[in-house]
Enquirer: 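I have a structure I would like to understand better, so I am pasting it below and will then ask my questions one at a time.
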Amino acid sequence: MKKIVLHTFILIVSFCFSLAKAQNKISVTNLQCEMLNNPEGIDVLQPRLSWQIKSDANDVKQTAYQIIVASTLENLNANKADLWDSGKVTSDASVNVVYNGKKLKDRQNAFWKVTVFTDKGEAKSAENAHFSIGILTYADWKSTRWIGYEKLSKDDSISQYSKLSARYFRKEIDLKKQVKNAKVYIMGMGLYELYINGNKIGNQVLAPVPTDYTKNVKYNVFDVTSQLKEGKNMLGTILGNGRFFAMRQDYKPYKIKSFGLPKMALQLFVEYTDGSSEVIRTDDTWKLTTDGPILSNNEYDGEEYDARKEMKGWNTINFDDKNWVNARYVQEPGGFYEAQMTPNMKIKDEVKPISIKATPRGTYILDIGQNMVGWLQLKVKGKSGDQITMKFAESLQKDGSLYIANLRDAKTTDVYTLKGEGEEIWEPRFIFHGFRFVEISGFPGKPTVDNFVGKVVYDDIKTTGTFESSDAIMNQIFKNAWWGIRGNYKGMPIDCPQRNERQPWLGDRTTGAYGESFLFDNQTLYAKWLDDIKYSQTQDGGLPDVAPAFWRYYGDNVTWPGTYITVADMLYQQFGDAAVVKKQYPYMKKWMVYMEENYLQNDLMDKDKYGDWCVPPESLELIRSKDPARLTDGQLLSSAFYYELLIIMKKFAVIANADADIAHYDDLAVRIKKAFNAKFLNTGKNYYANNTVTANVLPLAFGLVPENLKDKVFQNMAHEVEETKQGHISTGVIGTQFLMRTLTNFGRGDLAYKLASNKTYPSWGFMVENGATTIWELWNGNTADPSMNSQNHVMLLGDLLIWYYENMAGIKSNPETPGFKQIIMKPDFNAGLTFVNASYESIYGTIKSDWKKNKNTLEWKISIPANTSALVYLPTVNASDVKVNKGKVSKNYKIENNKLVLELSSGTYQINVNNIKQ
Ligand code: RAM
């Protein structure tokens, strides 16, 4: 029996799922689409609709679709397409189909389903998908007031270690009739928690995502129909600081941006069963106190909580608020209002600590067993006034005490004061820590591991990739990367979660975002980040190194800001997201022109700031090398990068219908290539500049090397890696982004494998051998000076994860058909691994590659999602040595570079190859 299942979703938009039922003996499976955000408020008038087709039949191709969108569920169920009926469209498009119906309005509800026609039968959505438009115009917020309390209490401080108690608000409302529908739109800056009648709304934490609040402010939307009742109800909110009341106030104001004291604006739209409606808004009738239990909340320094100050029932009707004051009207933050299209953070995992040990100081050291990001939940019994202090760190010193020197001035300490009422369970609300170890002091009695739970907090996006291979070190590196990447997703990709930094540095993600996209569904996160980058652009076109620019670093260089373009390219390549390219194109172009006009000299780009950041230095204590032989010329880096960006911009110009720009990109690229080779290529010697691996890998990867010298330059570079460096890394953040793929593409996958599986310094495996459970900021992270030495940074991953998937597993999206419409399955079977078992959940469905080599034979199981196809490269030239699903291959193959290439359509296959070429 063959079954086809449809899984529908809207792209970029939050929302959920539907599924499908195919006719003729086709069964139904419900799927929840977790990749998308809350569907209740989206700011896109032409959302893109997508669906997944699932079938246990092979070779399923969509031939047509019909989408129906209705304004109510009743209409949709009655097939009344009062918003849009696409009609039957002959097309194989099943992702990113743009809504093209009636103009959608503010707060419009939409329900939709799709019928898919395939060459194996048709299928209908069995459940309906839903989305709602947000509040589109500023005018619709105009009578909503921003409220807050812009005074400090006696223990608050505006200083290097800023301290501020949380703000609590409450508002009683009287709903005169029966509620049919109710939605709340909230902007709570920096962070909010929302309650109705004592219940928390939503399971998000640390919401909303951070932005530069002077540029844009995100609102969150919740359907609260079921929380409200006729009669009296109580709305309650708590505001924390987040990035709004910055962690360092009035401290280096020239560098660190702060926005003022927390504030909020909220609208509650209520529709009654009799058809009437009303809107409840924030105003100065809301009551407020700053005298609650959260005494302080500071992302760097931690949270202080005094349970004796809890206000039982504060967010319910039966509470005496005589000590509360009326909320004050305050200035709006300045940025314009937008629906948040990327998910909030959630508690995504829980970790049980592995040990707790007493110290000679009378304290205890708790070991979580994993460098993680989030917080610790505490369970304790004691007397009122007992105070527990928890200090967080990534590792221990030799004497067993916490290693805190690498936290710089971050205090990373939570303090809990007991109320003394039996078992008390507490966890912080408005902060997070990056840690593995916690020193606990003041605990009443003897704590055990059962008193604590590690709560892992990051953006609510799903893991999309699995990877296992015959190499244990590579597997552990993969695991460490997975932990590191997820921990550093904080509504923006931050560099590290532990010290007094935690900034969204652009250069850390240039190709990192691409590798990460195999492990996590990071599409909406990076689409949001590109907006952050766009909003941080200066009037003349400059881009910062950190965006949102919480740290003002507008130094003008190519390698860090260039990430704006490479991340857009990732979204296009991995998710088929052309809309993001069109949206950002004008601003990318503006920056390219700005850099050209200001810094192009004699056809070379003369602007670099960080060099090949963090190469392995000459002495193990150093952070940054000063040895000229290890460093690569900044002009080479910036010129090569700018050249590569021109190539991407040329592709983007076509997508963005800006073909007129192409001639200029072409012309400039030709000129730069010429000047680049004239300046940096040592012709007789076949290497670039001072012959660092980075100086050679960039021209090779970007196609800057003259055709006749490519091989020689490559041989020289491979010799450097293999002989001079003895199979070790000698590159920093820049070179490592291209190293693994370039080695493999030029035929030395074995050397790339050597780098990936190495355990000695410098290598990723060296980190693992030294106890790392994430990825370090420095190759010499175990010995270097602590002033810049995080143990949970992702920038040194370079292109390692891309290589795992594209070159080892053989799961790559064909650049001609972005978003994995056609998959290139071309593992390097000779690199050194004997098996790989990997999967990736693409927008079309799950791709699997599971191969095993035995002496001369290869057994390869693959899955290709419905409505896609794959080019499958086999290590033989003889069709007679190949069996597909036990059958012979007689036609439909070609021979390319000594490989037999099959084009397979969707389905699952087992391929066996005998007499493989080694
Ligand atoms: C440090 C960090 C960060 C990097 C910058 C240039 O702050 O290593 O990740 O991007 O330097």
Side-chain angles (χ1 to χ4, degrees), residues 243 247-248 252 255-257 299-300 371 373 394 405-410 434 481 484-485 487-490 492-513 515-516 526 529 532-533 536 543-564 566-567 607-617 622-626 631-632 634 637-638 641 694 729 731-737 762 764 767 772 774-798 800:
R243 298 282 169 123
M247 296 80 90
R248 298 288 177 258
K252 301 189 179 171
K255 166 178 162 184
I256 300 172
K257 208 163 176 173
E299 193 184 310
Y300 290 159
N371 194 341
V373 186
E394 292 184 290
N406 74 334
L407 305 175
R408 304 203 294 229
D409 79 359
I485 294 162
N488 281 300
Y489 281 164
K490 291 283 166 288
M492 57 186 177
I494 56 169
D495 67 332
C496 58
Q498 72 296 86
R499 68 177 179 226
N500 65 352
E501 184 157 353
R502 311 179 186 201
Q503 295 301 322
W505 285 94
L506 272 68
D508 297 25
R509 308 285 174 159
T510 316
T511 56
E516 293 161 20
Y526 277 107
W529 198 42
D532 290 336
I533 298 173
S536 66
L543 290 173
D545 304 339
V546 171
F550 296 124
W551 283 6
R552 281 193 195 86
Y553 277 122
Y554 284 88
D556 285 349
N557 65 94
V558 179
T559 49
W560 259 243
T563 297
Y564 187 25
T566 60
V567 168
K607 195 65 179 159
D608 185 60
K609 190 164 165 193
Y610 303 105
D612 187 14
W613 192 240
C614 300
V615 294
L622 267 185
I623 291 172
R624 285 190 290 282
S625 167
K626 296 189 180 68
L631 301 176
T632 303
L637 299 175
S638 52
F641 250 67
T694 297
I729 288 278
T731 46
V733 170
I734 300 293
T736 311
Q737 295 173 7
W764 297 284
M767 301 178 190
T774 41
I775 307 292
W776 295 342
E777 180 174 23
L778 303 172
W779 297 112
N780 50 331
N782 57 331
T783 48
D785 188 281
S787 62
M788 194 193 93
N789 193 353
S790 120
Q791 292 167 21
N792 189 2
H793 239 73
V794 294
M795 65 188 182
L796 287 184
L797 282 168
L800 183 68

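Remember, it's 1-based here, ligands and their atoms both numbered in the order they're listed.
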Enquirer: Would you call Arg499 a ligand 1 contact, heavy-atom distance under 4.0 Å?
Expert: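 In this structure, Arg499 qualifies as a contact of ligand 1 - some heavy atom is under 4.0 Å.
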Enquirer: At what distance is the nearest protein heavy atom to atom 10 (O) of ligand 1, and which residue and atom is it?
Expert: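 Ranking protein heavy atoms by distance from atom 10 (O) of ligand 1, first comes Asp508 OD1, 2.6 Å.
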Enquirer: May I ask you to decide if the ring planes of Trp560 and Tyr610 are parallel, tilted or perpendicular, using 30° and 60° as cut-offs?
Expert: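 Trp560 vs Tyr610 ring planes: tilted.
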Enquirer: Check Trp551 against Asn500 and note the closest heavy-atom contact, atom names and distance.
Expert: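 Scanning both residues, the minimum pair turns out to be CZ2-O, 3.6 Å.
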Enquirer: Using modelled atom types and a 3.5 Å cut-off, is there a donor and acceptor pairing between side-chain atoms of Thr774 and backbone atoms of Gln791?
Expert: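 The answer is yes, because a donor-acceptor pair under 3.5 Å joins these two groups.
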Enquirer: Any nitrogen or oxygen of His793 lying under 3.5 Å from a nitrogen or oxygen in ligand 1? Just yes or no.
Expert: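 Yes: some nitrogen or oxygen of His793 is under 3.5 Å from one in ligand 1.
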Enquirer: Does Lys609 approach ligand 1 within less than 4.0 angstrom via side chain, backbone, both or neither, non-hydrogen atoms only?
Expert: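 For Lys609, no heavy atom sits under 4.0 Å from ligand 1.
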Enquirer: Can you report which non-hydrogen protein atom sits closest to atom 8 (O) of ligand 1, along with the distance?
Expert: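 Of the protein heavy atoms, Glu777 OE2, 2.5 Å lies nearest.
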Enquirer: For atom 11 (O) of ligand 1, what is the closest protein heavy atom, and at what distance to 0.1 Å?
Expert: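 Here the closest protein heavy atom is Trp613 CZ2, 3.1 Å.
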Enquirer: Looking at atom 7 (O) of ligand 1, what's its closest protein heavy atom, distance included?
Expert: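 Checking every protein heavy atom, the shortest distance to atom 7 (O) of ligand 1 gives Glu501 OE2, 2.5 Å.
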Enquirer: Just let me know how Gln503 lines up against ligand 1, side chain, backbone, both or neither, with a heavy-atom cut-off below 4.0 Å.
Expert: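 For Gln503, there is no contact with ligand 1 at all, from either part.
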Enquirer: Is the side chain of Asn792 donor-acceptor paired with the backbone N or O of Pro497 at a distance under 3.5 Å, no angle test?
Expert: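 No: the side chain of Asn792 does not pair with the backbone of Pro497.
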Enquirer: Any ion pair linking Lys490 and Glu299 (charged N to carboxylate O, less than 4.0 Å)?
Expert: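 Salt bridge: no.
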Enquirer: How close do Gln498 and Gly434 get, heavy atom to heavy atom, and via which atoms?
Expert: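 Residues Gln498 and Gly434, closest heavy atoms: CB-O, 3.4 Å.
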